[in-house]
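For reference, the structure discussed in these notes is given below.
Protein chains get the first letters and strands the later ones, always in sequence-line order, with residue 1 at the start of each. The model shown is predicted, which means the values in this text are computed figures rather than measured ones.
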Amino acid sequence: HGIDLTTLGLNLNSTENLHKTFGSPWSNEPSKGDPEFSVPQCYYAK
Amino acid sequence: ETDPAGFRSRVTTLFKSWYQICEVSGANETACSQYVLHLHQTGLLKGDDTTESFFRILLELSVAHCISSEEISSGAVQSPQQAQSPSFLIIDIYAKLVFSILKHFPEQESSSKLFLLSEIMAVTVRSIQKDAEEKKSSLNPIPYFRLFINWLLDLCSLDPGTDGANFQVLTAFANAFHALQPLKIPAFSFAWLELVSHRSFMPKLLTVNGQKGWPYVQRLLVDLLQFLEPFLRNAELGGPVHFLYKGTLRVLLVLLHDFPEFLCDYHFTFCDVIPSSCIQMRNIILSSFPRNMRLPDPSTPNLKIDLLPEIVEAPCILSEVDAALKAKQMKNDVDEYLMSRQQSSSFLSELKQKLLLSASEASSAGTRYSVPLINSLVLYTGMQAIQQLQATQQLQAGETQAPNVVALQMFKYLSMELDTEGRYLFLNAIANQLRYPNNHTHYFSFIMLYLFFESDQEIIQEQITRVLLERLIVNRPHPWGLLITFIELIKNPRYGFWKQAFIRCAPEIEKIFESVARSCG
Amino acid sequence: ELGAIGDPSALGPMHEQMDNLLMLEAAYRRVPQPKDSERPRPYTPRNPAITPQTFPQTQAPIISNPLLWERFGSDGYGTDTLFFAFYYQQNSYQQYLAAKELKKQSWRYHRKYNTWFQRHKEPKIATDEYEQGAYVYFDFQTPKDENQEGGWCQRIKNEFMFEYSYLE
């Protein structure tokens with residue numbers, strides 16, 4: 001019968017993309033720490 | 001062949017000075033770029049054999065340090081539970097060196113940077129393959145995993161000068177991961193899937209440069225599913241396989257949620273490599289539908305499928321549907337038959353034989369039939385029929401008369417002449433097209449119901465019911481087209497479903513039908 | 001033979017399969033752990049203030065929580081906190097989140113002046129290349145003389161031309 005896919009730790013009803021906090025195929029937990037981000041060079045004000 | 005005398009110690013010395021720059025003086029940009037310039041001026045970055053040796057030795061040094069640090073620390077602790085994690089210091093330093101080389105590479109045109117990156121990737125892949133060959137089941141994948149994680153976080157988020165540069169970095173990784181796929185290095189499988197599905201890699205490959213990265217992700221998913229297929233075929237999954245299977249489900253769910261169009265457009269390819277026993281995994285693929293589409297509730301009373309605007313649209317299919325037919329030199333015969341408009345029996349009677357595998361192929365495929373060939377024949381024929389129907393405007397809303405007779409003739413012949421196993425695979429090929437509202441779902445839903453209605457053998461009706469039902473009694477998700485077909489079958493008195501003896505062949509079967517009937521409203 | 005489960009004995013070349021399974025079991029003992037991917041992103045403040053050891057020496061995790069910054073960006077909180085994070089926590093996830101919230105409130109970052117502008121009124125002129133009109137902008141008031149403190153403030157600039165080539 002397969003498994004209840006809502007028990008795999010992914011919020012399938014989320015309005016946000018899941019991949020931004022996808023931790024790993026092995027864990028039910030979203031990724032820890034800061035998701036990947038990069039600030040443009042010009043944000044470095046004097 | 002061995003490296004030139006003294007070269008290894010030269011590389012070691014260079015690596016030590018890089019370590020000084022990173023660890024001691026905090027790796028400021030100036031020091032990094034001067035170091036890279038020095039490497040360039042001493043001819044180590046030309047992309048020739050020297051370059052290959054240079055990076056291979058650096059990688060060997062880094063991996064050796066990582067592994068020895070783990071052995072030392074785990075030797076020191078009492079119980080394996082406390083096994084300390086290895087030191088990634090040198091691996092991280094090496095990853096940073098590659099990143100700095102690509103960032104500060106003095107040659108301005110990005111082509112030489114990308115050429116150097118592909119060289120470094122090739123060295124890395126060859127080293128892992130060699131290590132795997134030598135170490136077999138004692139391969140330690142973690143140092144290589146850490147190296148790629150560093151590169152995915154740094155190189156894939158390099159400020160893309162142009163999307164093109166970023167895309168070529170991503171495809172360099174995709175090619176490397178393809179070369180390191182589980183069928184080639186099974187001992188690297190878990191590290192491999194985590195890298196391929198990493199949030200800094202897969203989503204970028206699916207979004208940078210439109211859909212140009214989709215074929216790369218599709219190929220990596222096929223690599224994974226081909227490795228799993230022999231294990232999944234006979235549904236008992238031991239620990240490691242079950243763990244890899246669940247990891248695969250998570251990745252497919254992320255794709256279903258964030259990139260459903262990708263799963264939609266490649267469903268045909270994935271159905272070729274997902275074994276027919278993996279019903280829920282296949283349902284995930286078949287349940288995907290374009291994000292901008294709203295699906296009407298299948299159990300809506302008197303739902304008029306034919307009147308849905310999307311129902312006459314052809315779905316986007318990026319897979320090469322007729323590849324298997326061409327490979328077996330059958331495409332021309334099928335085209336001839338479909339154009340012949342007469343029910344030539346020679347073509348049909350030979351058809352059955354052609355769908356069988358040779359004995360040796362059958363033993364490795366775990367079935368006597370070529371599933372990809374059956375899938376290709378069914379979908380290709382259906383697509384030709386739909387095209388002809390639309391050309392003659394027959395497939396109008398509310399049109400119930402039999403569509404394109406010749407194709408129908410073939411489907412009916414196969415449903416009656418194939419043996420039980422062949423018919424099951426044939427009906428599966430049809431059921432794999434029951435997806436979101438489009439003209440394939442519409443046509444193949446009709447075909448499935450037509451075969452049920454026209455068949456004069458109960459075994460055919462039973463198998464059609466089984467193929468639909470086994471896809472419905474698994475945990476969700478269930479494809480929309482599957483639901484509307486089954487609801488039509490059990491609700492429309494035309495098919496006399498509830499008179500069938502097989503729905504009462506056993507008490508638990510009877511209970512299943514009652515509960516399904518209730519849940520289908 | 002009716003259903004989904006193929007005949008187990010008809011599996012592929014068994015030796016190859018067994019090999020793969022053995023390797024997979026070995027790999028199973030070395031599944032990557034979260035710590036194998038973690039790279040503490042060392043946040044080194046530009047001008048680190050030396051604080052007593054009794055003070056927390058690492059930032060509280062909540063400071064990287066997008067929901068916190070959405071609250072800072074919501075009504076009633078004003079924008080000072082967002083501007084503070086933007087200018088004093090550079091190259092951090094906070095700066096990234098603060099910029100996101102400022103953008104949500106229709107502030108636009110001017111790459112050349114490193115300054116955030118917000119329309120004070122509808123622009124008088126708007127072409128594909130630029131718009132011109134009255135804008136609020138967030139600025140640092142440099143002190144006139146040494147015994148004055150500088151400070152951040154919002155000013156209005158009329159007749160300002162915002163060229164889109166400078167829009168980040």
Using only non-hydrogen atoms and a strict under-4.5 angstrom cutoff, which residues of residues 20-33 of chain C touch chain B?
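Within residues 20-33 of chain C, the residues that come under 4.5 Å of chain B (heavy atoms only) are C:Asn20, C:Leu21, C:Met23, C:Leu24, C:Glu25, C:Ala26, C:Ala27, C:Tyr28, C:Arg30, C:Val31, C:Pro32.
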
Using non-hydrogen atoms only, which part of [X] is less than 4.5 Å away from chain C: side chain, backbone, both, or neither?
X        : answer
B:Asn140 : both
B:Leu193 : neither
B:Asn150 : both

Q. For C:Pro143, which residues count as a side chain to side chain contact (heavy atoms under 4.5 Å, CB included) partner, sequence neighbours excluded?
A.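 Partners of C:Pro143 by the side chain to side chain contact (heavy atoms under 4.5 Å, CB included) criterion, ordered by chain and then number, come out as C:Gln148.
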
Once side chain to side chain contact (heavy atoms under 4.5 Å, CB included) is applied, do any residues pair with C:Tyr166, and if so which ones, sequence neighbours excluded?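 Side chain to side chain contact (heavy atoms under 4.5 Å, CB included) check on C:Tyr166 returns C:His110, C:Lys112, C:Glu163.
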
What heavy-atom pair brings B:Arg146 and C:Lys35 nearest, and what distance separates the two atoms?
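Residues B:Arg146 and C:Lys35, closest heavy atoms: NH1-O, 3.7 Å.
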
> More than 12 heavy atoms of other residues, nucleotides or ligands under 6.0 Å from NZ of B:Lys136: is that the case?
Replying inline: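 Counting neighbours around NZ of B:Lys136, more than 12 heavy atoms of other residues, nucleotides or ligands fall under 6.0 Å, so yes.
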
Hey, what do you get for CD (B:Glu194) to OG (C:Ser37), rounding to the nearest 0.5 Å?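 Reported value, rounded in 0.5 Å steps: 4.5 Å.
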
Practice item. For B:Tyr369, enumerate each residue passing the ring-ring contact (aromatic ring centres under 6.0 Å, His included) test, keeping only those at least two apart in sequence or located in another chain. Key: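 With neighbours one apart ignored, the set is empty.
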
